[in-house]
Amino acid sequence: MFIAQQLKQTNIIEYVLYLWQVEDIVRAYDCSLPRLRREYISRFEYDAEQLDELTDWYAMLIKQMNDEGCREHGHLQAVTCITDHLEQLHLQLANDASQPFYKAQYYKVLPFIVELRNKGSKNQSEVITCLNALYGTMMLRLQHKDISPDTKHAVEEIATLMGMLSDEYAKKQ
């Protein structure tokens, strides 16, 4: 919760990726608040008040995930609204002649997006495709799995584009 609050203000892309990770953590504990509290939240070195706040935040997320039907897969509606907004902004920037740096980076990343779409869901937005690449790579790193040099290069280019998108998002807020 505390990290999410900070990321929402500083980097919307990292915020979305963090919330995806939190959704997966909640799922790993079977959307059970008692398990989350006992096995996960209790490991944080916060004072009692902060632990209560964090527990309340996870309780709210569990309720939302249950209410919105994303207990097993999918994303919270609030996160989907952000990614939809990011996609709209991305399309504006990619088609805006006054954004040559964004446009140039987009064209560097476009072959990777096409390749990723051909391997996965062809109906995903470009931003979701990029976020999935970043999230998947993050999960591989957490599992200490090897990442090929080509994948590293693609992810670096995607991360640059998403960083630019995040910066533009912040300017508009």
Side-chain angles (χ1 to χ4, degrees), residues 1-28 31 54 57-58 60-142 147 150-173:
M1 174 187 90
F2 305 111
I3 294 169
Q5 290 170 336
Q6 179 184 6
L7 288 175
K8 190 171 186 181
Q9 301 302 316
T10 59
N11 188 318
I12 197 67
I13 297 296
E14 288 182 14
Y15 173 73
V16 169
L17 293 172
Y18 179 77
L19 287 181
W20 284 8
Q21 185 179 24
V22 167
E23 290 168 341
D24 282 346
I25 289 167
V26 169
R27 289 181 187 113
C31 295
L54 192 58
W57 185 67
Y58 275 102
M60 179 207 51
L61 289 175
I62 290 168
K63 181 177 180 347
Q64 287 177 330
M65 289 173 73
N66 284 323
D67 291 350
E68 295 175 17
C70 58
R71 182 182 172 100
E72 295 178 20
H73 55 79
H75 300 292
L76 292 165
Q77 187 61 41
V79 178
T80 300
C81 287
I82 292 169
T83 57
D84 288 349
H85 184 80
L86 287 167
E87 180 67 21
Q88 291 171 1
L89 179 58
H90 160 69
L91 292 173
Q92 288 172 355
L93 295 167
N95 293 306
D96 187 344
S98 70
Q99 295 289 333
F101 297 113
Y102 189 88
K103 202 171 208 161
Q105 186 62 30
Y106 169 62
Y107 284 116
K108 283 173 77 175
V109 170
L110 188 55
F112 304 126
I113 293 172
V114 170
E115 184 179 345
L116 289 166
R117 280 180 159 175
N118 286 335
K119 290 179 181 179
S121 175
K122 293 171 181 29
N123 298 326
Q124 286 181 336
S125 72
E126 290 180 338
V127 168
I128 292 294
T129 300
C130 290
L131 289 169
N132 280 331
L134 295 174
Y135 189 75
T137 304
M138 181 178 76
M139 291 294 106
L140 289 173
R141 286 184 178 135
L142 287 172
I147 301 167
D150 288 343
T151 299
K152 282 182 186 176
H153 172 71
V155 168
E156 287 169 2
E157 295 296 342
I158 290 169
T160 299
L161 181 68
M162 292 295 97
M164 294 170 80
L165 180 60
S166 182
D167 291 346
E168 290 298 321
Y169 180 91
K171 288 178 188 175
K172 305 232 183 260
Q173 296 306 305

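Just so you know, these numbers come straight off a predicted model, no measurement behind them. Throughout, residue positions are numbered sequentially from 1 according to the sequence presented.
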Which distance, rounded to the nearest 0.5 Å, do you find between the [atom1] of [X] and the [atom2] of [Y]?
| X | Y | atom1 | atom2 | result |
| --- | --- | --- | --- | --- |
| Leu134 | Trp20 | CG | CH2 | 9.0 Å |
| Leu161 | Ile158 | CG | CD1 | 8.5 Å |
| Ile13 | Leu165 | CD1 | CG | 5.0 Å |
| Tyr18 | Leu7 | OH | CG | 7.5 Å |
| Gln9 | Gln173 | CD | CD | 9.0 Å |
| Ile3 | Glu14 | CD1 | CD | 11.0 Å |

Do [X] and [Y] touch side chain to side chain, with heavy atoms closer than 4.5 Å?
| X | Y | result |
| --- | --- | --- |
| Glu87 | Leu91 | yes |
| Lys103 | Asp96 | no |
| Tyr15 | Asn11 | no |
| Ile62 | Trp57 | no |
| Leu89 | Gln92 | yes |

So does Glu72 have more than 12 non-hydrogen atoms from other groups sitting under 6.0 Å from CD?
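Open: at most 12 neighbouring heavy atoms sit under 6.0 Å from CD of Glu72.
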Crowding at CG, Asn118 (>12 non-hydrogen neighbours, <6.0 Å)
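Buried by this count: over 12 neighbours within 6.0 Å.
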Pairs flagged by salt bridge (Lys or Arg N to Asp or Glu O under 4.0 Å) wherever residues 62-71 is involved - sequence neighbours left out:
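Only Lys63-Asp67 qualify under salt bridge (Lys or Arg N to Asp or Glu O under 4.0 Å).
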With sequence neighbours excluded, give me every salt bridge (Lys or Arg N to Asp or Glu O under 4.0 Å) pair touching residues 151-173.
Lys108-Glu157, Glu168-Lys171
Under 3.5 Å, is there a donor on one side chain and an acceptor on the other for Tyr135 and Asp24?
yes
Any side-chain donor near an acceptor of the partner, Glu126 and Tyr106, under 3.5 Å:
yes
Could you check Arg27, Gln64, His75 and say which one makes a side chain to side chain contact (heavy atoms under 4.5 Å, CB included) with Cys70?
Arg27
Can you check whether Leu76's main-chain N or O pairs, donor with acceptor, with Thr80's side chain at less than 3.5 Å?
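Checking the backbone N and O of Leu76 against the side chain of Thr80, a donor-acceptor pair under 3.5 Å is found.
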Ala133 backbone acceptor or donor facing Thr137 side chain under 3.5 Å
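Side chain of Thr137 to backbone of Ala133: a pair is present.
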In residues 109-117, what donor-acceptor pairs under 3.5 Å come from side-chain atoms, sequence neighbours left out?
| from | atom 1 | to | atom 2 | distance (Å) |
| --- | --- | --- | --- | --- |
| Glu115 | OE2 | Lys119 | NZ | 3.3 |
| Arg117 | NE | Gln124 | O | 3.1 |
| Arg117 | NH2 | Gln124 | O | 2.6 |

One pair to check against side chain to side chain contact (heavy atoms under 4.5 Å, CB included): Glu23 and Val79. What are the steps and the verdict?
CA-CA 10 Å; Glu23 290 168 341; Val79 178; 4.2 Å; yes
